[in-house]
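The residues of the chain are indexed from 1 along the displayed sequence.
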Amino acid sequence: MKKLLLSATAALTLFSCQKEETTNTTVDTTTHRGCASHAVLERQMQEDPTRASRMQDIEKFTKNAIQNGRLLADGTIEIPVVFNVLYRTTSENTSLTQLQSQIDVLNKDFSATNSDYNTSNNPYASVRSGNVGIKFVLDQVIRKSTTKTSWGTADAMKKSTQGGINPTSPTTKLNIWVCTIGGGILGYAQFPGGSSATDGVVLDSKYTGNTGTATYPFNLGRTATHEVGHWMNLRHIWGDATCGSDLVSDTPVHNAANSGVPAVGHRSTCTGTPLEMYMNYMDYTDDRGMYMFSVGQKSRMKAVFAVGGSRASFR
Ligand code: ARG
Ligand code: ZN
Ligand code: CA
């Protein structure tokens, strides 16, 4: 993909140079082809002292994109995942197998290859997202023992000064902290646009992956699917308000969060009384009751990674 773009740019430059040839009198075109691009750049740099530093920024970005580029040929973005495990008890010291199971669930859910994707009686089958085009790769696991029994939701687990673990390369890697949160919280995420020092997702170890200590009814790894959805700018499907908006046009208005596994045909009492999309990952249903993102949600997630997007540094 990147190579294609580069050669397209090169072709364009060539083309414009050939056109310039006829009008450029400063270059001797009798002995060799002339191109004024570099001369023009030098003139601009003389005229504008900030021009050179912008050129340097572009060079820095280009070098990084080539070295760390994670945009695959088919447009899939590959995201390295760093697990930061904080444990007091041995059961909190989540096994590599359990962490890998979480990566596997994320890859299935984000590529619509989850085994329950084709659950029958889904009134929203036509707006199901197919492959979102985001792939997760286990990058590293960092472990730290602690005396803390629970970590809460004030980001202490992300700060070594508070006994936690600082994130690793948060602008190019998804950091997931695995610890005991407490207070009945399964997990939480930081939306795009926050400080990189606290960027990432937190999962309670009992709701991580689908094996080991994973605990029913949140034992299928969907807490991470939900939280990574937030990390990619998805809102709760009920819009965090009665009949609120999730900023996605193909998801219906919900009264409030659903829990358990709602009955097929469950409707909202909001305007139009639509069937609720309780099988969406961004609702609060049990893990076995959620199995889809919508097409509109996919668009929001991909926009975050687009050139100029808030997480473009992951490309
Ligand atoms: N309650 C959590 C949140 O706030 C996660 C909900 C995840 N749901 C699930 N079935 N695992 O964002
Ligand atoms: Zn949530
Ligand atoms: Ca909506």
Pairing of Arg43 and Glu47 as salt bridge, 4.0 angstrom limit: yes

Quick test of your reading of the model: are Asp199 and Lys173 salt-bridged, counting only N-O distances below 4.0 Å? no

Any side-chain donor near an acceptor of the partner, Gln190 and Thr198, under 3.5 Å: yes

Using atom types as modelled and distance alone, determine if a side-chain donor or acceptor of Asp139 lies under 3.5 Å from a backbone N or O of Val82. no

With clusters defined by side-chain heavy atoms of hydrophobic residues (ILVMFWY) lying less than 4.5 Å apart, directly or transitively, does Val178 cluster with Ile181? no

So, Thr180 versus Glu92: side-chain donor-acceptor pair below 3.5 Å or not? yes

Any donor and acceptor pair, going by atom type alone, linking the side chain of Arg222 with main-chain N or O of Asp286 inside 3.5 Å? no

Distance-only polar pair, side chains of Asn280 and Gln297, donor-acceptor under 3.5 Å: yes

The single option from Gln102, Gln140, Gln98 passing side chain to side chain contact (heavy atoms under 4.5 Å, CB included) against Phe83: Gln102

Within the side chain of Asn84, is there an N or O that forms a donor-acceptor pair under 3.5 Å with the backbone of Trp177? no

May I ask you to decide if Asp109's main-chain N or O and Thr113's side chain share a donor-acceptor pair within less than 3.5 Å? no

Quick check on ring-ring contact (aromatic ring centres under 6.0 Å, His included): which of Phe110, Phe293, Tyr117, Tyr291 does Tyr281 satisfy it with? Phe293

Less than 6.0 Å separating the ring centroids of Tyr188 and His230? no

Do the side chains of Arg128 and Asp250 get close enough for a salt bridge, i.e. N-O under 4.0 angstrom? no

Is there a donor-acceptor pair under 3.5 Å between the side chain of Thr76 and the backbone N or O of Leu72? no

Can you list every pair that meets ring pair (Phe, Tyr, Trp, His ring centres under 6.0 Å) and has a residue in residues 247-280, with sequence neighbours left out? none

Any donor-acceptor pair under 3.5 Å linking the side-chain atoms of Ser111 with those of Asn131? no

Arg54/Asp57 salt bridge by N-O under 4.0 Å criterion: no

Presence of salt bridge, Arg235 and Asp240, under 4.0 angstrom: no

Are Ile165 and Val141 connected in a single hydrophobic cluster, I mean Ile/Leu/Val/Met/Phe/Trp/Tyr linked by side-chain heavy atoms less than 4.5 Å apart? no

